[in-house]
Each structure stands twice: as C-alpha cells, then as structure tokens.
Amino acid sequence: MQDQKSSLSIFSFKKSHRCFLKQMLVFFMPVVLGYLALEYLVLQLPFNYIVKSDYFYSEKEEIEVLALGSSQLDGAINPKFFDSNTLNLASATQHHNLDFKILKGISPRLPALKFVILELSYSHLEHPHNSKVFWKNSIYLKYFGINTFERNTYFKDKLLYLARPDFYSKQLVNHYFKKKDEAILNKFGFDERVSKGLFYNLNYNDSIIATKKMEIYTLADIKLFKHNAEYLFEMLNYAVENELKVIICITPLYKTYLKGRNPDILRRRDSILKLLSAKYENVLIFNKENDTLNYTTSDFSNQNHLNPNGAENFSKELNVFIQRKTQD
Amino acid sequence: MLFNSFDFGVFLILVYLLYWGIGTSRRTGQNVLLLVASYVFYGLWDWRFLFLILASSLIDFYAAKAITSSKTNSSKKIYLWVSILWNLGVLFVFKYYNFFLESFVSLFSLNVPEDGFMVWNIIIPIGLSFYTFQTMSYTIDVYKKETSASNNLIEFLCFVSFFPQLVAGPIERAKKLLPQFRREKKFNLEDSKNGLRQILWGLFKKMVIADNVAIVVNAIYASPEDFGSLTLLYATSLFFFQIYCDFSGYSDIAIGTAKLFGFKLSKNFNIPYLASSGRDFWRRWHITLTKWFMDYVYAPLVKGNKQNNYIKTVALFITMTLIGFWHGANWTFIAFGLVQAIIIAFESVPLSRSSKRTLGSYLNKAPKLISTFYIFLLITISSVFFRANSVESAFTILKQIFSFVPSEGFSLVIGWKVIVIPILIFTEVMTRKKAFPMLNLEKHLSRPIRWILYYSIILLLIRYAGPKEQFIYFQF
C-alpha cells in the first residue's frame with residue numbers, strides 16, 4: 001500500500017534521500033542564521049547612505065541640486081553650505097556609468113531638480129567604469145529604490161553584506177569591537193570629521209608630507225578615454241533633453257599631486273572641458289583644480305581629497321556659483 | 001549564471017529537488033527536466049544562442065543517425081563531413097573569423113577602415129568551444145563505430161547541453177556520458193555527499209584562491225613596465241595558480257554538481273604542478289581536452305607512422321598549436337601552443353647519437369623536486385603568452401624578466417592572501433591519491449571535525465572571497 005502510494009505521488013523521495021535532505025537542512029541552518037545575523041548587524045551600522053536616504057525621502061519635492069561623482073566630490077560638497085536643497089550622492093569609486101543610472105533613476109522623482117553636478121577630475125576619463133556587479137548597486141536599490149543592476153532585481157540584490165563581505169566585515173569589527181572613531185554625519189549625510197586622513201595624521205606638515213610617496217594616477221588609456229568621453233556626451237544629451245543644467249566640478253589638488261600628473265592625461269581631459277563649453281549650453285564648468293591660493297595643506301585630507309574645512313570653502317564657492325547661474 | 005553565484009545555488013537546489021522528486025522510475029521526466037534546466041541555465045546568459053546549441057545538436061543527432069543507416073562508405077563520409085564542417089564552421093564564424101580577417105589584413109598591409117564592413121561585431125557564445133568539440137566527437141565516434149548513434153533525441157540534447165559541464169567542460173565523450181542518461185538513476189548517499197564536498201572544494205579554489213590571486217596578478221600585469229624581474233616572475237607564477245584554481249575549481253564544481261544528479265564526469269586535472277616533464281604536464285592539465293586532441297588530431301596524423309620521428313614531431317607541433325589556438329583567437333595562444341610543442345619535442349630528442357636516452361627519460365628518473373621545478377618554471381614562463389594581450393607584450397614581459405631589472409618594493413605587491421597557495425599545495429600533495437582532497441572524508445574525520453571544516457571553508461568563502469571574476473575558461 002505504501003509503495004503504491006509513493007509511486008503515484010508527484011514527489012517520491014526514498015528514506016535515505018529524505019535523511020540526506022534533513023541532514024542538509026540541519027547543516028545549512030546555522031549558515032543561513034549566521035548570515036541573517038550579519039545582515040542585521042550591517043543594517044545597524046551608522047552609514048551615510050541611511051542619512052542621505054532619509055534626507056532624500058523627506059525633501060525630494062524640494063531638491064534642486066544633485067551631486068554625483070566619486071570620493072573627490074563626496075568629500076568636497078557639503079550640502080549644509082548650499083542655499084538650495086542639495087542631495088550629494090557622490091561616493092567612493094563611483095564612475096559616470098553609475099552616476100548616469102542614478103540620475104535616470106532619481107531625476108523623475110525630483111520635480112524641482114535644476115542642477116546636476118558631475119565630476120571630471122584629472123584622470124576620471126581614463127579610469128574604467130564600474131562593473132555591472134558593483135557592490136554599491138545594492139545600496140542604491142535598498143536605500144533609494146534605484147535599480148542600477150541593468151536587469152530585474154530580486155530580494156538577494158538588497159542584501160548588503162553579501163554584496164561586499166570584506167568591506168562590511170571590516171566595518172562590523174570597527175564598529176562593534178574596536179569602537180574606532182566613527183563618522184560625524186550631518187543631516188545631509190556629510191561626514192564632518194576633520195580628524196581623519198593622511199594629512200591630519202602628519203599634522204599638515206608640508207615637509208613631512210613631502211617625504212611620503214604619493215599615489216598619483218598616471219596610467220594612460222586612450223581607448224578607455226574615448227569610450228568614457230562618448231559616454232559622458234550621452235549623459236549630457238540626457239540632461240539637455242530633461243532641461244537640466246550640468247555643472248562639471250573639479251576639486252582642488254595638493255601641489256605635489258598637481259606636479260605629478262601625466263601631461264597626456266591632463267591634456268586630453270582639458271580638451272574635453274573645452275569641447276563641453278563650446279558644444280553644450282547647459283554645461284557649466286567649475287574648475288578649482290589648480291587653486292593653490294585658496295586651498296592650502298590644512299584643507300586637504302590627502303593629496304587629492306579635501307577635508308571638511310576644504311569642503312566648506314569649496315561648497316561655499318560652488319553655492320555662490322550656482323546662485324549666480326540661477327539668477328542668470 | 002556563475003557557479004559561484006547565489007543565483008546558481010538557488011537554481012541548483014530547485015533543480016535537485018525536482019529531479020529526485022520526480023522519481024527515479026520516471027527517467028524521461030528526469031531527462032526533460034535536466035534539458036529544460038540546462039537551457040534555462042544557458043539561456044540566462046543569452047537566449048539567442050540557444051538556437052545555435054539546438055541547431056548543432058540536431059545536425060549532429062541526425063548526421064549520426066544517417067551515418068549509421070547509410071549503406072555505402074562514401075555516404076557515411078558525406079554525413080560525417082556535414083557534421084564536422086558545421087561544427088568547425090560555427091567555431092570559425094563566431095570565434096575565429098575576425099582573427100583571420102585581421103591577420104590577413106595585417107599580413108598584406110591592406111588599408112581597411114577601423115569599422116570596415118568585413119569585421120563582424122559579434123560576441124562569442126559562451127562555452128562554444130566546449131560543446132562543439134563534445135558533439136563533434138560524437139559523430140566521429142559513430143563513424144568510427146566506437147559508439148552507436150542515439151535514437152532518443154531528448155537524451156542526446158541532454159548530452160550536448162548538460163548544464164554542469166556545458167560552458168567549460170569537462171569535454172565528455174558520448175560513449176561515457178550518453179549511456180548515463182539512459183540508465184535509471186539510483187540515489188546514492190555517498191555520491192551526493194562527495195558531490196557537495198567537491199563543490200565546496202571547487203568554490204574554495206575559485207573564490208578564495210583564484211579570485212584573490214587575480215588581484216595581485218592583474219595589478220602587476222596592468223603595467224608590467226613598472227615592475228622588476230622578480231615581481232614579474234612572481235606575478236607570472238601566481239597566474240599559473242590563478243588559472244589552475246580557476247579552471248580546476250570550475251571542473252570540481254561541475255563534477256560535484258553532476259554527482260548530485262547521479263552522473264559521473266571525467267577528471268580534468270591531476271595536480272599539474274607535480275608534473276615531471278612537458279608531456280606529463282599535459283597528461284595532468286585539462287585532461288579531457290588533451291585527450292580529445294590526441295584522439296582526433298594527433299592519432300590520425302601519426303597513424304601508420306608511429307616509428308617515424310619526423311611525422312611524430314610535425315604531428316606534435318600541429319596538435320599543440322591547435323590546442324593553443326583552441327583557447328582563443330589570438331596569436332598569443334598560438335605562441336603558447338608552439339612553446340608547449342617545443343618543450344615536449346625538446347624532451348624527446350636523444351641527448352647523444354650513441355644513446356637513446358632523452359631529456360624526458362632523465363627527467364623521469366631525476367629527483368622529483370628537480371623535474372618538478374624544471375617543468376614548473378618552463379610552464380610558468382610560457383604562460384606569459386597565455387596572459388599577455390599580444391605577442392609583443394608577452395615578449396616585452398619576458399625581456400623584462402630576463403634582463404634582471406631589480407624589483408623595488410617587491411614586498412608591497414606580495415599580498416598576504418597568497419598564503420593560501422602553499423596551503424593548497426600541501427593539501428593536494430598530501431591527498432594526491434584521491435580524486436579531490438575532501439573525498440570520503442568520513443573515513444578520516446569524525447562528524448564534528450568534518451562539520452567544523454565545512455563551516456570554516458564556508459566562512460572563508462563568505463569573508464575572504466576575492467572580487468567576483470568570471471571563470472577564465474568561459475571565454476574559450
């Protein structure tokens with residue numbers, strides 16, 4: 001009777017098989033539970049994305065300026081110093097392709113958006129774009145509802161720890177065990193902590209800084225440059241179609257970095273800047289790269305990143321620039 | 001869908017439960033499920049290429065049937081050539097056309113615009129070289145009467161597209177794999193456990209070793225001119241381990257996955273860094289590919305001339321060059337194959353006129369450490385051609401290595417995660433008599449110890465996995 005029953009059933013697992021499946025279930029249960037615990041702990045970390053997300057959802061009707069770009073702009077634009085509501089979604093290693101996906105995903109939800117800030121730092125066009133499996137895709141999906149995966153997403157895509165275990169493991173250890181000094185985030189998600197960075201550790205002492213070997217990007221890649229430049233034009237065309245003004249922002253660099261740049265990379269980038277000014281009416285250039293007068297050692301976190309003091313200067317100048325262009 | 005992705009894990013669990021849930025008595029049902037799963041697995045990359053795999057399968061299925069039913073030898077040959085030309089044609093069109101065109105243009109210095117109308121802007125279907133070779137060998141074997149033509153289309157479609165080995169092998173022969181689709185499957189607890197262990201071991205090799213080693217290799221190879229000889233040699237030897245762990249890791253996952261469904265696939269690697277000669281290396285590296293070329297290229301070339309050293313050498317050079325070329329449409333792979341042929345041929349040359357002894361025979365008798373070091377060094381250096389983007393770039397790197405440029409700051413590029421390589425070598429050498437180190441672990445370790453080991457590996461996979469790199473051999 002039992003055999004007849006099992007042969008007629010849609011699913012027919014034998015006893016040894018059922019035993020194996022049970023063992024597997026018992027074995028993998030701790031793995032799943034352990035993972036869920038990690039994910040929960042990661043969600044409790046004080047990340048700037050959470051603050052930025054809160055700001056975005058509470059002010060989205062009023063946001064007029066959207067900043068995109070990499071860590072250079074993330075650390076240089078403090079929305080606190082802007083007269084217009086500003087959302088800074090620039091983030092470390094974020095390139096134009098991710099910027100564009102964010103822009104396309106978020107701009108329809110920002111009815112008051114007028115300005116988009118993009119980055120064109122010295123070597124930006126000769127860095128490869130972010131890969132399709134870039135770990136920050138999960139963050140944008142989870143906290144801003146923007147799909148940057150270029151495919152249909154499902155629950156796994158919102159799991160943060162799985163997207164970048166090494167990074168989040170370090171963050172978990174720092175937060176829960178080492179209790180390292182953590183970001184001081186303002187309501188815009190900007191980290192106002194001055195006590196971080198190489199230059200701070202070296203007491204902003206130029207002579208000591210001069211002895212340190214600095215990482216300066218000099219690897220030229222013309223093929224990549226062409227591809228990235230074309231992509232940038234595509235982004236700008238999108239901005240034109242959507243009546244958005246684009247501000248190409250270039251942050252100041254420390255004097256040693258300025259000297260160490262690859263002249264070919266620099267020449268190519270500058271040629272693009274000239275072309276943009278001539279070709280696009282909606283594109284404005286805000287270039288502070290060579291401003292060694294207003295930005296001194298104490299304004300830098302390292303050779304190519306401003307610290308919150310430098311960011312204050314930069315943001316105030318940029319704000320004046322935007323206000324002037326708004327009145328025009 | 002990569003083997004080392006969350007998606008594949010979910011896919012595997014679903015297919016596994018459905019497969020065994022259908023019941024072993026419903027063999028056709030199981031095969032249909034495997035076929036659907038395999039096509040879904042492949043179609044998720046690019047569904048358009050499903051038509052290509054289906055066309056290849058149908059042509060070879062009916063060609064084999066026609067060969068069997070043909071009465072004359074000439075008509076058998078015609079059907080065989082239809083199959084061979086189709087398979088080679090597909091390979092040529094999708095993989096080699098642009099290469100031949102560009103080489104032709106460059107050879108005759110023709111002036112063709114960059115976006116010339118002749119260049120075909122097409123992506124290579126994933127796993128193309130693997131499944132075309134598998135299905136081509138089927139019709140050849142039917143022609144040679146080494147296997148009988150299949151009468152069951154579902155079984156044959158499964159044989160061509162079986163998802164564990166579809167995109168990167170092992171390249172199976174019809175006489176081994178096809179009957180497994182005919183046989184009623186019985187659930188085997190040991191096979192299932194060993195399958196899971198082999199998957200775990202493969203994931204460890206791929207995610208913890210290959211992907212972490214890739215970081216160091218990629219960083220150095222991105223601008224080789226900035227590094228000294230020692231650093232480049234170091235990166236090149238790391239590349240050997242990267243590609244070994246990448247591909248053998250894939251093979252382990254494939255074999256382990258197949259075991260879960262009651263299938264046995266061929267072993268593809270046998271600790272290649274322990275080889276004592278060039279010939280021995282190729283008996284241990286990508287075994288199913290080497291065997292394919294030996295059976296279908298080398299053997300026919302030397303047929304009837306086994307004593308003729310000249311013909312054997314020419315056959316060796318043709319075979320090894322084709323093995324190199326199989327990997328990709330680039331002169332670097334051809335150069336890689338040629339270097340392998342030179343190494344093997346050199347080992348076969350008698351050391352003196354009076355003696356029949358060759359370097360190969362000396363190496364076989366030499367202390368293992370010496371012969372292993374010799375071949376490892378040669379293979380490592382030749383892998384520069386495998387890794388470099390062009391032959392010129394490969395020669396530049398080799399020149400840099402042999403000009404003994406001091407390596408400043410060498411310690412900075414080592415990367416501490418590379419420590420896993422000695423662990424891998426130790427583990428594999430200590431368990432070299434097993435198909436893979438974790439086979440039948442219950443015979444040596446108690447359950448708590450085993451589970452601690454498994455959990456430790458899972459922890460390493462989650463915490464220390466390198467950035468997700470696609471399996472290198474997928475591109476071939």
Side-chain angles (χ1 to χ4, degrees), chain A residues 3 6-21 23-32 34-35 38-39 127-128 131-135 138 151-157 159 161-170 172-173 213 215 217-221 223-224 226 262, chain B residues 2 4-7 9-10 13 16-26 29 44 114 185-193 195-196 200 207 211-212 215 218-219 222-223 225-226 260 262 408-409 412 417 447 450-452 454-455 457-470:
Chain A
D3 286 347
S6 68
S7 68
L8 288 172
S9 74
I10 301 171
F11 292 109
S12 49
F13 291 109
K14 292 207 168 110
K15 197 184 167 192
S16 61
H17 206 159
R18 280 201 300 271
C19 179
F20 173 69
L21 291 175
Q23 265 189 34
M24 287 302 99
L25 212 60
V26 172
F27 176 82
F28 282 108
M29 196 62 86
V31 177
V32 175
Y35 177 78
L38 282 172
E39 186 68 21
H127 279 285
S131 80
K132 279 184 181 173
V133 289
F134 188 49
W135 65 283
S138 300
R151 58 169 169 76
N152 292 330
T153 57
Y154 59 105
F155 81 95
K156 176 244 164 188
D157 294 320
L159 298 178
Y161 186 84
L162 204 61
R164 182 83 192 270
D166 57 337
F167 171 79
Y168 288 112
S169 298
K170 238 178 242 172
L172 287 173
V173 171
K213 198 183 173 192
E215 201 177 296
Y217 196 83
T218 54
L219 193 67
D221 191 331
K223 208 173 160 190
L224 201 57
K226 280 183 186 168
N262 179 336
Chain B
L2 295 173
N4 53 340
S5 67
F6 181 84
D7 309 18
V10 175
I13 292 168
Y16 178 85
L17 290 175
L18 285 172
Y19 179 81
W20 291 108
I22 285 172
T24 50
S25 57
R26 298 181 178 108
L44 284 174
E114 202 175 291
K185 300 285 171 318
K186 282 198 176 102
F187 175 75
N188 184 310
L189 185 64
E190 286 318 303
D191 276 354
S192 296
K193 283 182 179 175
L196 284 175
L200 193 61
M207 293 168 72
D211 289 351
N212 276 309
I215 300 170
N218 293 345
S223 57
E225 62 283 357
D226 294 341
L260 291 178
E408 286 168 17
L412 295 174
K417 286 181 185 170
R447 181 180 284 185
R450 282 199 318 266
W451 281 36
I452 288 172
Y454 303 147
Y455 284 133
I457 294 177
I458 290 171
L459 186 70
L460 286 173
L461 292 178
I462 295 174
R463 172 63 185 87
Y464 293 105
K468 265 184 198 163
E469 299 259 343
Q470 183 150 310

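Note that the structure is a prediction, hence the values are computed from the model and not measured. Chain identifiers are assigned alphabetically (A, B, ...) following the order of the sequence lines, protein sequences preceding nucleic acid strands; residue numbering begins at 1 within each chain.
- The residue among Tyr454(B), Trp451(B), Tyr464(B) with the most heavy atom pairs within less than 4.5 Å of chain A is Trp451(B).
- For chain B, the option among Tyr168(A), Tyr161(A), Phe20(A) with the highest count of heavy-atom pairs below 4.5 Å is Phe20(A).
- For Tyr19(B) and His17(A), the ring centers sit 6.0 Å or farther from each other.
- Residues Gly29(B) and Ile22(B) share a closest heavy-atom pair of O-CD1, 3.8 Å.
- Lys170(A) contributes atom NZ, which lies 7.0 Å from atom CZ of Arg463(B) (distance to the nearest 0.5 angstrom).
- Contacts of Ile462(B) with chain A are made by both backbone and side-chain atoms, with heavy-atom separations under 4.5 Å.
- When heavy atoms are compared at a cutoff of 4.5 Å, Asp7(B) approaches chain A by way of both its backbone and its side chain.
- The closest side-chain heavy-atom distance from Asn262(A) to Leu219(A) is not below 4.5 Å.
- Between Lys193(B) and Asp191(B) no salt bridge is recorded (no basic side-chain N to carboxylate O distance below 4.0 Å).
- Heavy atoms of Tyr35(A) lying under 4.5 Å from chain B are absent altogether.
- Interface remark: Leu459(B) contributes no atoms to any contact with chain A (heavy atom separation under 4.5 Å).
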